[in-house]
Amino acid sequence: MLEIYNSYSKKKETFKPVAEGKVNIYTCGPTVYSNAHVGNFSAFLMADVLVRYLKYKGYDVKWVMNITDVGHLTDDNEVTDDGEDKLEAASKRENKTVWEIARHYEDLFMGDIRTLKLFPADKYPRATEHVEEMIEMIKILQQKEVIYETSDGVYFDISKFKKYGKLSGNDIEALQAGSRVEINEDKRSAYDFALWKKLTGKNEKHIMQWDSPWGTGFPGWHIECSAMSKKYLGETLDFHTGGEDNKFPHHESEIAQSETANCKPFANYWMHKSRVIVNNEKMSKSLGNFFTVQDLLKLGYTPESIRFTFVSVHYRSKLNFTEEKLVESQKSIDKFNDFIQFLIKSEETVENSSISSIIKSTKQQFEKAMDDDLNVSGALAPLFGFMKSIRKQINSSGISAKNKDEILHFMKSINSIFEVFDFEEKKEKKLSISDQKTVEELIKKREQFRSEKNWVEADKVRDELNKMGVKIEDKK
RNA sequence: GGCGACGUAGCCAAGUGGUAAGGCAGAAGUCUGCAAAACUUCCAUUCACCAGUUCAAAUCUGGUCGUCGCCUCCA
């Protein structure tokens with residue numbers, strides 16, 4: 001049984017899907033105003049592992065990740081005009097239209113998703129293409145009398161939703177006391193959040209705009225997730241995932257909107273990815289201490305090592321990101337891949353009766369750890385032990401073709417979650433005939449030097465062969 | 001100021017009441033130079049600190065210190 005730590009109840013709970021055998025997952029995706037960094041991806045990778053493990057367990061998974069391509073207001077230092085929208089700021093910076101900016105960064109994002117081998121979601125809905133649905137939902141909220149209109153927008157009255165604050169553990173009264181939110185005179189509470197913003201004041205010249213019953217303007221940040229998750233996955237989600245920083249106010253507001261509009265629980269399980277840390281500071285766009293996937297590839301790290309680094313640490317612990325970690329990850333992956341090559345190339349001899357039971361117990365341990373709130377580190381340990389035992393069996397008793405298939409089948413099922421192993425048999429590269437002759441001569445030459453114990457010359461020849469792409473591994 | 005998470009070896013990281021997984025790095029050895037891979041052995045009397053509960057605590061309770069996150073756009 002899969003147990004998941006539910007951020008809403010703050011307890012581990014046994015997973016039960018809304019519909020038998022099916023799972024709906026909604027993940028808060030990127031805001032496409034600049035390059036997503038690996039900290040962003042670590043949250044998406046958490047969802048990816050969840051999706052893949054549920055598939056591994058045989059569930060029919062439907063996964064939706066939104067693309068936020070509507071600019072939302074910002075007050076950070078990125079722009080001088082106070083309160084300029086991020087997309088518009090990027091548009092000025094890069095001299096492109098807001099639409100071009102959004103599409104450009106969305107394309108980069110989709111490219112990175114493929115590089116990091118995230119399982120393709122069933123749908124990546126764009127906020128700008130669902131403004132109709134958002135307006136419909138706001139209308140429902142209006143009928144339920146939980147919203148009010150001011151000169152600059154339409155707001156959700158959080159006093160009408162008693163559970164507001166439960167997810168983040170915030171007490172609204174207490175929040176108000178230590179508030180850093182600028183008081184908007186027209187709002188009843190500083191924490192009432194916008195559903196619709198009008199083109200007035202600092203938003204007068206907002207470029208992305210739509211008509212609505214409340215005047216021309218643009219949607220608030222939170223409503224898109226409520227509207228799109230409902231459209232594609234229904235009123236009650238099995239899982240809602242995102243970064244922990246989205247808990248408040250974003251997810252809190254989504255719950256208020258959706259549950260008020262639908263009169264149903266919004267999500268049964270909430271999963272939040274802890275922040276990625278760099279030098280004891282969060283990795284974030286505003287601090288500028290981030291790496292993008294492309295940055296790391298340029299430094300020579302493989303997509304697999306990036307993926308493994310973020311996947312192998314439990315999603316609820318802070319991951320301190322370093323380049324050393326990428327190197328370690330690569331070593332772990334190499335260890336698996338070396339094992340796979342060893343396995344593929346080992347001679348098929350006799351049936352080995354121990355193989356099945358080794359696989360069985362490894363699988364059991366692996367699943368036990370994964371079932372415990374996706375404990376990947378715990379699940380990895382038995383796999384290292386597995387490789388050791390199998391190697392021993394092959395060296396001492398040999399294996400049959402059937403055994404090999406069994407082992408590979410198991411490794412592939414594990415890899416359906418990790419996606420970092422390489423099952424392709426590494427064959428000797430084909431050399432041209434002239435190269436072949438040279439290589440043979442060089443090997444002979446080296447053997448000659450070795451028999452003469454002329455190690456200096458022998459190593460020189462080995463270096464030369466290495467340069468030609470020929471690896472020399474001495475065996476007894 | 002309010003809310004939350006966390007503190008396990010040189011590093012990364014499991015373990016949440018029954019006597020410290022695993023990986024990396026390191027040390028020694030086997031494989032008749034070296035290197036690579038593999039294998040064998042070693043590498044935390046102790047889990048930030050202090051009290052308490054218990055036959056038994058890294059695990060539970062209280063306190064102290066420290067770190068990080070959220071409370072404003074962020075995954």
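Order of the sequence lines sets the chain letters (A, B, ...), proteins ahead of strands, with each chain counted from 1. Only this structure's heavy atoms are used, side chains among them; waters, hydrogens and symmetry mates stay out.
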_Holding to side-chain contact (heavy atoms from CB on, under 4.5 Å), I want the full list of residues that pass it with E244(A), two or more places apart in sequence or in another chain._
H272(A), S274(A), R275(A)
*asked:* Measure CG/N337(A) against P/rA37(B) and give the value in whole Å, please.
replied: 14 Å
_Aromatic plane relationship, F308(A) with F418(A) - under 30° parallel, 30 to 60° tilted, over 60° perpendicular_ = perpendicular
*By a strict heavy-atom criterion of less than 4.0 Å, which residues belonging to residues 384-398 of chain A are in contact with RNA chain B?*
F384(A), K388(A), R391(A), K392(A)
*Give one of base, sugar-phosphate or nothing for G165(A), where a contact means two heavy atoms less than 4.0 Å apart.*
nothing
_Results of side-chain contact (heavy atoms from CB on, under 4.5 Å) for F342(A) - residues two or more places apart only_ = R391(A), I394(A), N395(A)
*asked:* What contact category does G242(A) fall into here, base, sugar-phosphate, or nothing, at under 4.0 angstrom with non-hydrogen atoms?
replied: sugar-phosphate
_Taking rG1(B) as the reference, what is the distance to rU64(B) when you measure between their P atoms (whole Å, please)?_
13 Å
*Donor-acceptor contact below 3.5 Å, side chain D238(A) vs main chain N24(A)*: yes
Tabulate atom names and distances for all N/O pairs under 3.5 angstrom spanning the protein and nucleotides 65-68 of chain B.
from    : atom 1 : to      : atom 2 : distance (Å)
rC68(B) : OP1    : N280(A) : O      : 3.4

*Residues in side-chain hydrogen bond (donor to acceptor under 3.5 Å, both in side chains) with T349(A), at least two apart?*
none
_Partners meeting side-chain contact (heavy atoms from CB on, under 4.5 Å) with D372(A) (sequence neighbours left out)_ = K12(A)
*Determine whether the aromatic ring centres of F339(A) and F336(A) lie less than 6.0 Å apart.*
no
*For D122(A), all residues meeting side-chain hydrogen bond (donor to acceptor under 3.5 Å, both in side chains), sequence neighbours excluded*: none
*Name the nucleic acid region contacted by S317(A), choosing base, sugar-phosphate or nothing; use a 4.0 angstrom heavy-atom cut-off, strictly under.*
sugar-phosphate
*When the distance from NZ of K12(A) to C1' of rU59(B) is rounded to whole Å, what number comes out?*
12 Å
*State the dot-bracket string of RNA chain B. Criteria: Watson-Crick or G-U wobble, both atom distances under 3.5 angstrom; notation: ( ) intrastrand, [ ] crossing earlier pairs, | interstrand, . unpaired.*
((((((((.[[[..)..(...]]].(((((.......))))).....[[[[[..)....]]]]])))))))....
*If you look at every strand shown and take non-hydrogen atoms under 4.0 Å, does H250(A) touch a base, only sugar-phosphate, or nothing?*
nothing
*With C1' as the reference atom in both, quote the distance from rC39(B) to rA44(B) in angstrom, rounded to an integer.*
25 Å
*Please determine if R446(A) and E457(A) form a salt bridge, counting it only when a charged side-chain N lies under 4.0 Å from a carboxylate O.*
no
Check: protein-nucleotides 16-18 of chain B nitrogen or oxygen pairs below 3.5 Å:
none

*asked:* Distance check needed: rA35(B) C1' versus R450(A) CZ, whole Å only.
replied: 10 Å
*Out of rA21(B), rA25(B), rA35(B), which has the shortest distance to the side chain of R462(A)?*
rA35(B)
*Please determine if K335(A) forms a cation-pi arrangement with F384(A), meaning its NZ or CZ atom is less than 6.0 Å from the six-membered ring centre and no more than 45° off the ring axis.*
no
*asked:* Quick check for you: among rC73(B), rG23(B), rA14(B), whose closest atom lies nearest to any side-chain atom of P249(A)?
replied: rC73(B)
Is there any protein nitrogen or oxygen under 3.5 Å from a nitrogen or oxygen in nucleotides 42-44 of chain B, and what are the pairs?
none

_Pair D107(A) + R103(A): basic N to acidic O under 4.0 Å_ = no
*Atom pair distance, as rounded to whole Å: NZ in K166(A) and C1' in rG4(B)*: 14 Å
_Residue K331(A), side-chain heavy atoms: nucleotide from rA21(B), rC24(B), rC70(B) that is nearest_ = rC24(B)
*What orientation do F193(A) and Y164(A) show, parallel under 30°, tilted 30 to 60°, or perpendicular over 60°?*
parallel
*Take the protein atom CZ of F193(A) and the nucleotide atom C1' of rC73(B), then report the distance between them rounded to whole Å.*
17 Å
*Looking at the rings of Y232(A) and Y26(A), which for Trp means the six-membered one, are their centres under 6.0 Å apart?*
no
*Rounding to the closest angstrom, what is the interatomic distance between rA25(B) and rG18(B) at atom P?*
33 Å
*asked:* Under 4.0 Å, heavy atoms only, any strand: does N375(A) hit a base, just the sugar-phosphate, or nothing?
replied: sugar-phosphate
*asked:* For H240(A) and F266(A), I'd like to know if the aromatic rings sit close, meaning centre-to-centre distance below 6.0 Å.
replied: yes
*asked:* By nearest heavy atom, map A381(A) and L319(A) onto RNA chain B; which one lands nearer the 5' end?
replied: L319(A)
*Indicate, with a heavy-atom threshold strictly under 4.0 Å, whether S168(A) touches base, sugar-phosphate, or nothing.*
sugar-phosphate
_Is it the case that the ring center of F410(A) lies less than 6.0 angstrom away from the ring center of F386(A)?_
yes
_rG52(B) and rA20(B), which share atom name P, separated by this distance in whole Å_ = 23 Å
*Please state how far atom NZ in K11(A) lies from atom P in rA5(B), giving the value in whole angstrom units.*
14 Å
*Separation of the P atoms in rA9(B) and rA58(B), to the nearest angstrom*: 15 Å
_Closer than 4.0 angstrom, basic N to acidic O: yes or no for K163(A) and E252(A)?_
no
*So what does V327(A) touch, heavy atoms closer than 4.0 Å: a base, only the sugar-phosphate, or nothing?*
nothing
_When the P atoms of rU16(B) and rG7(B) are compared, how many Å lie between them, rounded to an integer?_
13 Å
Using a cutoff of under 3.5 Å, can you pull out all pairs of nitrogen or oxygen atoms linking the protein to nucleotides 8-12 of chain B, with atom names and distances?
from    : atom 1 : to      : atom 2 : distance (Å)
rC12(B) : O2'    : K325(A) : NZ     : 3.0

*Between D459(A) and R462(A), is the closest basic N to carboxylate O distance under 4.0 Å?*
yes
*Are K453(A) and rC34(B) close enough that a side-chain N or O sits under 4.0 Å from OP1 or OP2?*
no
*asked:* What is the distance, to the nearest angstrom, from the NZ atom on K10(A) to the P atom on rG69(B)?
replied: 19 Å
*Could I get the full list of side-chain hydrogen bond (donor to acceptor under 3.5 Å, both in side chains) partners for N268(A), not counting sequence neighbours?*
none
*Considering only NZ, NE, NH1 and NH2 on the basic side and carboxylate oxygens on the acidic side, decide whether E367(A) and K363(A) come within less than 4.0 Å.*
yes
*Using a strict 4.0 Å threshold on nitrogen-to-oxygen distance, state whether E348(A) and K404(A) make a salt bridge.*
yes
*How many Å lie between CG on L374(A) and P on rA14(B), as a whole number?*
13 Å
*Lys/Arg-Asp/Glu bridge criterion (N-O < 4.0 Å) met for D48(A), K117(A)*: no
